[in-house]
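One-based numbering along the sequence shown. Atoms within each ligand, like the ligands themselves, are counted from 1 in listed order.
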Amino acid sequence: MDSAAASASPGPAAQAAQRPPHMAALVLARGGSKGIPLKNIKPLAGVPLIGWVLRAAIDAGVFQSVWVSTDHDEIEKVAKQFGAQVHRRSSEVSQDSSTSLDAIKEFLLHHKEVDIIGNIQATSPCLHPDDLIKVAKMIREDGFECVFSVVRRHLFRWSEIKGVNKVTTPQNLNPAKRPRRQDWDGELCENGSFYFAKKHLIEGGCLQGGKVIYYEMRAERSVDIDIDIDWPIAEQRVLRYGYFGKEPLKEVKLLVCNIDGCLTNGHIYLSEDQKEIISYDVRDAVGISLLKKRGVQVWLISERCSKTISAMKLDCEVIVSVTHKLRVVEDWINKMSLSWKEVAYLGNEESDVDCLKKAGMSGVPADACATAQKAAGYICKSNGGRGAIREFAEHIFLLMEKVNSQERKLNDLKN
Ligand SMILES: CC(=O)N[C@H]1[C@H]([C@H](O)[C@H](O)CO)O[C@](OP(=O)(O)OC[C@H]2O[C@@H](n3ccc(N)nc3=O)[C@H](O)[C@@H]2O)(C(=O)O)C[C@@H]1O
């Protein structure tokens, strides 16, 4: 190549120097988790665990790419469903003994374009995009090479007794002058939510080093699922403090529910004289009545033409022989002057997917088909015809509390 040509098209090193640094979010999610089987995709408050952090990473809008590194087919599917790219990692870095650093190093070997890694741990599901936006600035603009998350704790530590006839000693307090909580700043502890580091640090064998700083997370967002007893606590936390997406939640005015497979378990019994018998769970009838008491209308729909369904005395609108659910629901909500944001939808079939995607709140029973599960924001623990409506109603009430508290906060700010 002559010198003129060389100066016209810079080489790879010069090109790398010219382009803005590539910051990749990387969620490590191996299949063989100990303790909780397939923990990384187990539904937490109706959302697969990795879904919570992927939603925050994508909506933060600060990453050139968002990745999940996994060795498992099902995790790959869920990661893609949440909009992440997937790095299929080797089994060597997927063992119980493999460290995060091993898996991150392997990822970097395959992705030379990446300059900065934001390793986000799925085990801290209360992460919000605004945390990630602030950290990205610390690395990109403030010149830090490494930022990791911490939380402030007020815990008095005592030394462990090793051997007999020994006494314990205080580690971070003077027992004669025990500070009150408000007189003590506490200590900053790593909380395992994220580790951002420039490539050279990781290649040098360290996630924390160089020009390093911490990012202090708000205590309510600092959740670490380490052992199985952490799971129910994390579930309550995400419902109250988790990130539910860019669109603010709205008050639900209408629940549309597919009958076959949501209100019923899908079984139909036929008598000799061709009469059909279906069953539903009283818990679901209670769920419907609670929704109505709280001002949420409930509409039941079915693709089938069935007198049995119409005969159900659930005191709500029942529409049968629906051939195109989206069109029909859209028609109703237009007539009721509602927006999709004010509609909750519980479905279980392929034919429900369009409505699930459009509804402000969407749910599926645990035994819904895979495509419906992918489209829904909440996967019930209960099966269809076995309490899924009751459970979804509880979920709606919880999120409604969230909407109301958001509104209260806004009003307080205005006054
Ligand atoms: C960056 C780092 O060192 N992370 C480690 C963290 C960190 O030190 C603590 O969270 C701090 O509070 O601790 C561990 O945390 P844990 O084992 O729960 O892993 C956190 C998440 O990363 C996934 N992971 C981890 C290692 C690996 N080789 N592949 C993975 O996919 C897990 O599936 C899970 O979603 C630990 O407890 O042993 C192991 C982790 O490797």
Side-chain angles (χ1 to χ4, degrees), residues 24-44 47-57 66-76 78-79 82 84-110 116-127 131 135 145-153 155 187-199 201-210 212 214-217 219 221-231 233-234 238:
L26 178 62
V27 179
L28 302 178
R30 67 191 187 98
S33 46
K34 30 181 185 162
I36 306 169
L38 272 185
K39 171 178 73 182
N40 286 316
I41 49 167
K42 181 177 162 166
L44 178 84
V47 176
L49 187 63
I50 51 170
W52 288 99
V53 292
L54 287 177
R55 195 144 70 181
V66 175
W67 293 87
V68 168
S69 155
T70 189
D71 57 335
H72 197 279
D73 291 347
E74 200 48 41
I75 298 179
E76 169 165 4
V78 175
F82 276 88
Q85 300 182 67
V86 171
H87 168 73
R88 284 303 293 230
R89 70 164 100 150
S90 67
S91 60
E92 288 85 71
V93 294
S94 308
Q95 307 301 313
D96 277 354
S97 55
S98 317
T99 65
S100 294
L101 187 67
D102 296 334
I104 297 169
K105 272 180 160 176
E106 189 209 64
F107 172 85
L108 277 175
L109 278 178
H110 289 86
I116 306 160
I117 289 280
N119 169 217
I120 299 172
Q121 297 204 143
T123 41
S124 293
C126 262
L127 181 68
D131 292 315
V135 176
E145 292 175 295
C146 163
V147 187
F148 62 93
S149 56
V150 298
V151 70
R152 193 171 292 275
R153 295 245 182 269
L155 295 176
E187 293 178 325
L188 295 178
C189 304
E190 204 177 301
N191 70 351
S193 180
F194 54 74
Y195 302 83
F196 280 60
K198 291 197 172 167
K199 177 152 95 176
L201 286 174
I202 299 168
E203 286 170 342
C206 201
L207 268 178
Q208 291 155 308
V212 51
Y214 57 77
Y215 173 85
E216 187 177 341
M217 264 177 101
R221 292 186 187 172
S222 181
V223 180
D224 184 17
I225 302 176
D226 198 13
I227 46 174
D228 49 1
I229 54 167
D230 296 330
W231 194 269
I233 299 166
V238 281

Atom 29 (N) of ligand 1 - nearest protein heavy atom and its distance: Arg89 NH1, 3.0 Å

Nearest-neighbour protein heavy atom for atom 41 (O) of ligand 1, which is reported as residue plus atom name and distance: Ser100 OG, 2.5 Å

Nearest non-hydrogen protein atom, atom 38 (O) of ligand 1: Lys34 NZ, 4.6 Å

Contact check: Arg30 vs ligand 1, nitrogen or oxygen atoms, below 3.5 angstrom: yes

Tyr214 side chain near Glu190 side chain, heavy-atom distance below 4.5 Å: no

Atom indices of ligand 1, in the order listed, that fall short of 4.0 Å to a heavy atom of Gly192: 10 (O), 11 (C), 12 (O)

Selected option - heavy-atom contact closest to atom 33 (O) of ligand 1, from Asn40, Leu207, Leu38: Asn40

Which atom of Val47 lies closest to which atom of Phe82, heavy atoms considered: CG1-CZ, 3.9 Å

Nitrogen or oxygen atoms of Asn119 and ligand 1 under 3.5 Å apart: no

Mutual orientation of the aromatic rings belonging to His87 and His110 [parallel < 30°, tilted 30-60°, perpendicular > 60°]: tilted

Minimal non-hydrogen separation, Leu201 against Gly209, with atom names: CD1-O, 3.5 Å

Non-hydrogen atoms of Asp96 and Gly32 that approach each other most closely: OD1-O, 3.7 Å

Nearest protein heavy atom under 4.0 Å from atom 26 (C) of ligand 1, yes or no: yes

Atom 24 (N) of ligand 1: the protein heavy-atom neighbour that sits closest, reported with distance to 0.1 Å: Leu28 CB, 3.9 Å

Protein contact of atom 8 (O) of ligand 1 - nearest heavy atom, named by residue and atom, plus distance: Tyr195 OH, 4.0 Å

Test item: Tyr195 and Gln208 side chains (from C-beta on) under 4.5 Å apart, heavy atoms: yes

Protein non-hydrogen atom below 4.0 angstrom of atom 15 (O) of ligand 1 present: no

Minimum-distance protein heavy atom relative to atom 18 (O) of ligand 1: Lys39 NZ, 3.8 Å

Under 4.0 Å to a heavy atom of Thr99 - the qualifying atoms of ligand 1, by number: 28 (N)

Approximate separation, where rounding is to 0.5 Å, of Phe194 CZ and Phe148 CZ: 10.0 Å

Ligand 1-proximal atoms of Gln121, by part, heavy-atom distance under 4.0 Å: side chain

Atom 21 (C) of ligand 1 [closest protein heavy-atom partner, distance rounded to 0.1 Å]: Thr123 OG1, 4.1 Å

Reference residue Ser193; test side chain to side chain contact (heavy atoms under 4.5 Å, CB included); the match among Val150, Leu127, Val223: Leu127

Distance from atom 37 (O) of ligand 1 to nearest protein heavy atom, with residue and atom: Asp226 OD1, 3.7 Å

4.5 Å side-chain heavy-atom contact, Thr70 and Val86: yes

Reported CZ-to-CG distance for the pair Arg221 and Asp131, which is rounded to 0.5 angstrom: 4.5 Å

Any N or O of Ala29 closer than 3.5 Å to N or O of ligand 1: yes

For Val93, the ligand 1 atoms whose distance to one of its heavy atoms is below 4.0 Å: 28 (N)

Non-hydrogen side-chain atoms of Ser69 and Leu26 separated by less than 4.5 Å: yes

Nitrogen or oxygen of Glu190 less than 3.5 angstrom from that of ligand 1: no

Mode of Gln208 contact toward ligand 1 - side chain, backbone, both, neither (heavy atoms, under 4.0 Å): neither

Closest non-hydrogen atom pair, Trp231 against Pro43: CZ2-O, 3.6 Å

